[in-house]
Structures are given as structure tokens and as C-alpha cells.
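All chains are named by letter (A, B, ...) in the order of the sequence lines, taking the proteins before the strands, and each is independently numbered beginning at 1. Only a predicted model underlies this, so the values are computations on that prediction, with no experimental measurement involved.
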Amino acid sequence: MIEFVNVSKKYNHEVTALENINLKIEKGEFVFLVGPSGSGKTTFLKLMIKEEEATSGKILIDSKDITKIKKKEIPFLRRKFGFVFQDFRLLYDRTVAENIIFALRVVEASEREIKNQLQTSLEMVGLKGKENFYPNQLSGGEQQRVALARAIATKPPIIIADEPTGNLDPVTAEGIFKTLEEINSRGTTVIVVTHAKDVVDKMNKRVIALKEGKIIKDDMQGGY
Amino acid sequence: MGTKMYLVKEGYDNLRKHSSKTFSTMLIICATMTILGVFIILFQNVNVNVATMRQEQGLQAFIEDSATDDEIDYMRDEINNIPGVKEITYLDKESAFEDAKEQFKDQEYFLEGLDKLQIFPASFVVKFSDIEKSESVREAVEKIDGIYKVKYNSTTIDAVSSISKVVNIFLLVVGAVMLVISVFIISNTIKLAVYSNKREILIMRYIGATNRFIKTPFILEGAIMGVLSAAISFMLISIGYVVAYSKLPQVGSSLGVFGFVPYTSLWYIILIAYIVLGLFIGVFGSSVSIRKYLKV
């Protein structure tokens, strides 16, 4: 599903963010991406959605080399990914339902799909009954669930969560990871960037560790 | 609600979200459009008056005293056959004297004791169907036997033509300045709209919005502002002209005097100009900002 072949990324021809990365993530996998700040995790994510261009190497998404696709195709590449950010990135002047519908509008879903997917994703993240709340009326954990619901509403095959629990307390964080695991169990590939050592150790999933732009560890059932 | 309707709604919501900015933008565009409208009216009026004057202009061909009635008839036929001649009137010595008397109404002593038949020759007054042919008509008339002099009031025609040229240039300059101002104002407003929607746009990009999807509401926002301003300006200028027209001299009401044309022969020119301009400045103005600040 996702394959990096000899991928390097240098900024301004000097700073090396990623060096000769080779890895493969299969459909339906749950992967933790760990490493200290500046190790290249964010660059890794940005390369996948073509927010950054690889300096060299090939990146295959669904066996298509995305380093060669045209600018016009980028939106359609991004529709394969559902994003969850540390700061939630919700629209605070819109209700929970409106935030989710917003994503469905963007991918130009039909009225029926919008109706169905709104309900399905709200149920999935456990926010049924809160659709008319504004984000500010919700707790941090609930806000991240709204972001999760928005990410899965468009039915992307891959979910990318960039430090999804960075702003949350451990108990709430555990709930978010449980939901991510549930989403994964339905066949969605999940890639989580995190510093939550305890959770990584407990969940027994594949762990890829980056340091100074290189993969230093890739365990199928690893710890932090 | 399909995607298209959704984008229209987003454009409309953008307008409402910063309604005070929308209002001031439209106020300025209305002002520039109304000024432009005044110049279009002026332009049209001068052109209509120029056309009328040109029709009224003609030349006077004086006939030798020795000419017989048959010769005069022959000359009339000759002149009638010249291309560019609209009509021809014969002015005999008697009526020429009457005309002169009319002209010197208060100073009739000028004419006292004059042999009217010697002073005032008979003539043809020739009117043009096409002002462009005035020179060739003049030359042709001069060549006719029995015509000894052709008087042709070219200074008036020149003056009138140059007025219309100046007005045309002025209209172009005013139009260009107005365009630049309006495009700038709209693009500035759209720039602010883009900034205030930065968060939405960022999220949209991650979700996979196409450029068209991101751009359309802003283009619509600009277009709505342009067309709405055009509609308001059209109403203002229409009411203004109709009211003013009733108090102004009307074209053709007295010969040789500048007169105004009725609004019925003007409104569609202004309406078309406004709609085209409103759409253009709206769409172009917002496109400028989108290209610059949206980087799509």
C-alpha cells in the first residue's frame, strides 16, 4: 500500500531530513512512528501527501509513484488519507456535524453519502448526540474525536495521526488509541506518530523508530 | 444541495461574514461606476449631438445671376446625383433677402437702400447624407457650371469633431482608471476573505479539495459584489438621468443648440456596460488575489 524506495529529503541542499529510507506498510497495518523531535517523522508524513517533494527515491502509494504525479492529481492523492493533528484543527464556528459535513463537501460527496457517513463516523467515535455542539463546548478528548470522525467520514484507506494525544491526559489518550485500533480493525491502515511511550509499549504494534533521518528500528511487534 | 449549490452558498456566506467590508467595497465600486456612467451619458449625448449637427450642416452653393430657370433645374439634377447628398433646397433671391432681414432684425437700416436682387444671390442649400463625403460633395458642386461660389462651414464641423474626440479619449481614461480602482478594491477585499478563511483552506487542502473547489466561492464573492454594485449604480444613474432630463434642453428641440437625448435610447448601453464591467472586475479582481494569496 505504501512503499518508500531509497527516499532522501534534503532541505536547501544542506539539511538532511531523511536519508535513504526503505520501508513498506501493508494494507490494514497499524504502525507507530516514533523518534525524537527533528528525527524526520513530520517530513515522512509530508512526503506521503506530497506536501514536500522527495529529493531522491520513489514513493509508491497503491503501487503508483507519487513523486511523478501532476499537481492536479494531488487532491485525489490526499483523499486516500485521513488526517488527525495534535491541535485538532477543527472549525470553531461550526458545529460537530458541520465540521464533519465540511470534509464530505470537500470530496464532493452526494447528499446521501453525507447523511450516511455523518451518522456512521459519529457512531464510530462515540459522539452520537453531540452533533449540534460547538467544539468549544466539548472536552479536548471529544474534540479530537470530532477530528477523528472527520478523518474517517470520507472513508480513506489510510489514517494518519500526527501526535493525536499530545494535548490530552493519559486516560483520554487511551480512549483515542482504542478508537484508532477499532478503525484499524475494520481494514483501515493507521499510521500514528507519537511520543506516548506507555501506549506504544502496551499496544504491541509495529514500531518504526527514526533518528536523525534514518530508520534505526522497525519491529513488527515492538516497543518504544 | 449539490456541490455547485454548496459553493454558491459558501460565496454568499463569505459576503455576509464580513458584511461591513462588503458594504464599503460596494460603496466605492458604486461610486466609480456611477462616475463612469455619467461619462458614458456625456459621451453618448455628445455623439448624438455631433451626428445631429452633421446632418444639419450643409453647404450653400451660389448661383450666377445669369442662370436661366432651365439651367437652375439642370444644376439641381446634377447636385442630386452626387453621392452623399441627402437633400437640396433652392433659395431664390427673394427668400435670401428675407433670411437676411431675419438675421439683422434689429438693425434693418443695414439693408436699407440696397438693391436686394444684386446683393443676395440665389443659392442651393445642400445637406449631406453622410458627413464623411462632405469634401467630395463640395468639390463636385464647385465644378458645376453656373455655380460661382460654394460656402462650406468646415470650422464648425472640425470643432464638433474634435469635441467628440476629446470626450472619447476622456471616457477611455476615466474607464481605465475606474477599472484599476475597482479591480484593486475587489482584490483587496478578497485578500482579506482569503486570510479570514485560512484555517478552512488549510484543512480543505489536507482533506483533498481541488483548486476549483477552493477558488470558486471567492470568485463568486467577487462576481456578486461586482454585479450587485452594477445593479445599484444602474438604478442610481437611471433615476438621476430621468430626473435631470426633464429639466434639460432636449436634443433637436432647437436647432444648433446642444440638447440631451432621452433615456430610452441610452439605458441599454449603460446596462450592458455595467454588467460586463461588474462581472469583469469581480472575477478578475478576485482571481488576482487568489493567484497571489491562495497559491493555487
Look at atom [atom1] of [X] and say whether more than 12 heavy atoms of other residues, nucleotides or ligands are closer to it than 6.0 Å.
X	atom1	result
A/K155	NZ	no
B/F184	CZ	no
B/F284	CZ	no
A/K115	NZ	no
B/F23	CZ	no
A/K10	NZ	no

Problem set entry | Flag side-chain contact, heavy atom, 4.5 Å: B/I207 against A/R105 |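 Result no, sub-4.5 Å side-chain heavy-atom pair not found.
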Problem set entry | Point-to-point distance, once rounded to the nearest 0.5 Å, from CZ of A/F83 to CZ of B/R205 |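 Rounded to the nearest 0.5 Å, the CZ-CZ separation comes to 14.0 Å.
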For this session: State the CG-CE distance between A/L91 and B/M204, to the nearest 0.5 angstrom.
Result: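 Between atom CG of A/L91 and atom CE of B/M204 there are 9.5 Å.
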Exercise. Counting N and O atoms only, with roles assigned by atom type, does the side chain of B/R199 sit under 3.5 Å from a partner on the main chain of A/L90, one being a donor and the other an acceptor?
Worked result: yes
Problem set entry | Heavy-atom closest pair, residues A/P75 and B/T210 | CG-CA, 3.9 Å
Problem set entry | Which portion of B/L202 sits near chain A, non-hydrogen atoms under 4.5 angstrom | side chain
Problem set entry | Segment of B/F213 engaging chain A (4.5 angstrom heavy-atom cut-off) |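 Side chain only.
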Problem set entry | A/E108 side chain to B/Y6 side chain, donor-acceptor N/O pair below 3.5 angstrom | no
Exercise. For the candidates A/R150, A/K80, A/R78, A/R94, which exhibits the highest count of non-hydrogen atom pairs separated by less than 4.5 Å from chain B?
Worked result: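 Top option by heavy-atom pairs under 4.5 Å: A/R78.
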